[in-house]
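Computed from a predicted structure; not experimentally measured. The residues of the chain are indexed from 1 along the displayed sequence.
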Amino acid sequence: METEERQGNMKEKDLFKAAEEGDLSTFQSLSLQTLSKALSLRNEDARSLLHVAASSGHSQVVKILSSSDASAGVINCADEEGWAPLHSAASIGSLEIVDILLSKGADVNLKNNGGRTALHYAASKGWLKIAEILISHNAKINIKDKVGCTPLHRAASTGNSELCELLIEEGAEVDAADRAGQTPLMNAVICQNKEVALLLIRHGADVDVEDKEGYTVLGRAPDEFRPTLIDAAKAMLE
């Protein structure tokens, strides 16, 4: 009786602190009933305990929280910026948490307020294994965010050629244009990611495409980078 009372009195603030710090014993001590009630709590950013534990990278706490039936109601709940726990887990690179959330019914293609999915974050952070698991759970490869960027745009901007290769193998459109009319190749060139730019050209990316400002890929390229691009494009024509 006393423990139930103590649990009832446990302050929300303490629970959120425990989720953030990965304090497993706090959650192990809760009855199933208290645990399921606790899952409906929200902090000032509109995040649940599950979301806080996920974004802090505490897989064991996520495991306990998601073992409650009540977790089904919060797994896809978004915070003030439209982030769900899966976005956060993908962004910080926690493969284990991404795995747990997907196994519990996280929506792999859920968009946040910026129109980005978990795959956009895996791509921009360079988390190859996370991208693979998201794709194996039917993540849409060519999904666009609010500015028209696909995961390939994000991977090309950050210069991760391994991830670009994976996305292309899985069906990414090499010449997808964002709202500024820029393709992943343009992103790679602007960010001076040579390896990715050459990879995209090898996969048939169009060097002559123009963005909304009328610049081509070569027009966007720094002078010292231009000859390499021209040679690569010529090699593709031979």
Side-chain angles (χ1 to χ4, degrees), residues 81-83 86-87 90-91 93 107-238:
E81 293 179 352
W83 286 60
L86 187 65
H87 290 114
S91 184
D107 177 355
V108 76
N109 291 310
L110 200 67
K111 290 182 166 196
N112 66 9
N113 295 0
R116 298 196 179 109
T117 63
L119 187 57
H120 280 100
Y121 290 104
S124 57
K125 295 288 182 75
W127 305 122
L128 188 70
K129 289 270 179 284
I130 288 183
E132 284 172 350
I133 189 174
L134 292 168
I135 291 167
S136 75
H137 281 78
N138 303 318
K140 291 178 181 164
I141 302 286
N142 292 304
I143 202 161
K144 289 189 170 188
D145 66 12
K146 277 198 167 163
V147 290
C149 287
T150 64
L152 184 59
H153 278 97
R154 309 278 295 183
S157 294
T158 45
N160 191 313
S161 50
E162 224 182 338
L163 239 171
C164 290
E165 187 84 73
L166 169 73
L167 292 167
I168 293 166
E169 277 171 14
E170 294 291 343
E173 284 171 36
V174 177
D175 288 323
D178 66 14
R179 286 174 65 176
Q182 294 184 347
T183 60
L185 177 57
M186 280 187 177
N187 284 163
V189 166
I190 291 165
C191 299
Q192 298 190 35
N193 296 323
K194 284 191 189 176
E195 199 187 335
V196 168
L198 298 175
L199 169 82
L200 289 164
I201 290 172
R202 279 203 307 278
H203 281 284
D206 187 352
V207 184
D208 299 315
V209 67
E210 281 186 16
D211 64 19
K212 296 267 172 79
E213 289 179 23
Y215 285 95
T216 61
V217 171
L218 294 173
R220 288 278 183 203
D223 293 346
E224 68 279 10
F225 190 7
R226 217 166 278 142
T228 317
L229 290 172
I230 292 169
D231 290 347
K234 275 187 188 153
M236 286 299 293
L237 295 171
E238 280 162 15

Is any side-chain heavy atom of [X] less than 4.5 Å from a side-chain heavy atom of [Y]?
X    : Y    : result
L200 : L152 : yes
H120 : N112 : no
L166 : I168 : no

- Worked verdict on L110 versus L86 for side-chain contact (heavy atoms from CB on, under 4.5 Å): CA-CA 9 Å; L110 200 67; L86 187 65; over 6 Å; no

Enter the distance from [X]:[atom1] to [Y]:[atom2] here, rounded to the nearest 0.5 Å.
X    : Y    : atom1 : atom2 : answer
E132 : H137 : CD    : NE2   : 13.0 Å
L185 : L198 : CG    : CG    : 9.0 Å
I130 : I133 : CD1   : CD1   : 8.0 Å
N160 : S124 : CG    : OG    : 10.5 Å
T158 : L163 : OG1   : CG    : 7.5 Å
N138 : L119 : CG    : CG    : 12.0 Å

Provide the closest heavy-atom pair for [X] versus [Y] in the form atom of the first, atom of the second, distance.
X    : Y    : result
S161 : E195 : OG-OE2, 2.9 Å
T117 : I143 : CG2-CD1, 3.6 Å
T183 : V209 : CG2-CG1, 3.9 Å
W127 : Y121 : CD1-O, 4.4 Å
Q192 : E224 : OE1-OE2, 4.1 Å
C164 : L199 : CB-CD2, 3.6 Å

Would you confirm whether [X], through its side chain, and [Y], through its main-chain N or O, come within 3.5 Å as a donor-acceptor pair?
X    : Y    : result
R154 : A123 : no
D145 : G148 : yes
K144 : A177 : yes
K146 : N113 : yes
K212 : R179 : yes
N142 : A176 : no
D175 : D206 : yes

- Paired with I135, the side-chain contact (heavy atoms from CB on, under 4.5 Å) test is passed by just one of E169, K140, E170, namely E170

- Steps toward side-chain contact (heavy atoms from CB on, under 4.5 Å) verdict (V217, D208): CA-CA 6 Å; V217 171; D208 299 315; over 6 Å; no

- Message: Between H153 and Q182, is there a side-chain donor-acceptor contact under 3.5 Å, judged purely by atom types and distance?
- Response: no

- Message: Under a plain distance cut-off of 3.5 Å, with no hydrogens placed, do T216 and E210 share a side-chain donor-acceptor pair?
- Response: no

- Item | Audit row: I230, V207, side-chain contact (heavy atoms from CB on, under 4.5 Å) steps and yes/no | CA-CA 9 Å; I230 292 169; V207 184; over 6 Å; no

- Verify the neighbour count for atom OH of Y215: are there more than 12 heavy atoms of other residues, nucleotides or ligands below 6.0 Å? no

- Take K125 and S91 through the side-chain hydrogen bond (donor to acceptor under 3.5 Å, both in side chains) test and state the conclusion after the steps. CA-CA 7 Å; K125 295 288 182 75; S91 184; 2.8 Å; yes

- Take T150 and E173, measure what side-chain contact (heavy atoms from CB on, under 4.5 Å) needs, and give me the verdict at the end. CA-CA 9 Å; T150 64; E173 284 171 36; over 6 Å; no

- Message: Any carboxylate oxygen within less than 4.0 angstrom of a Lys/Arg side-chain nitrogen, looking at E213 and R220?
- Response: yes

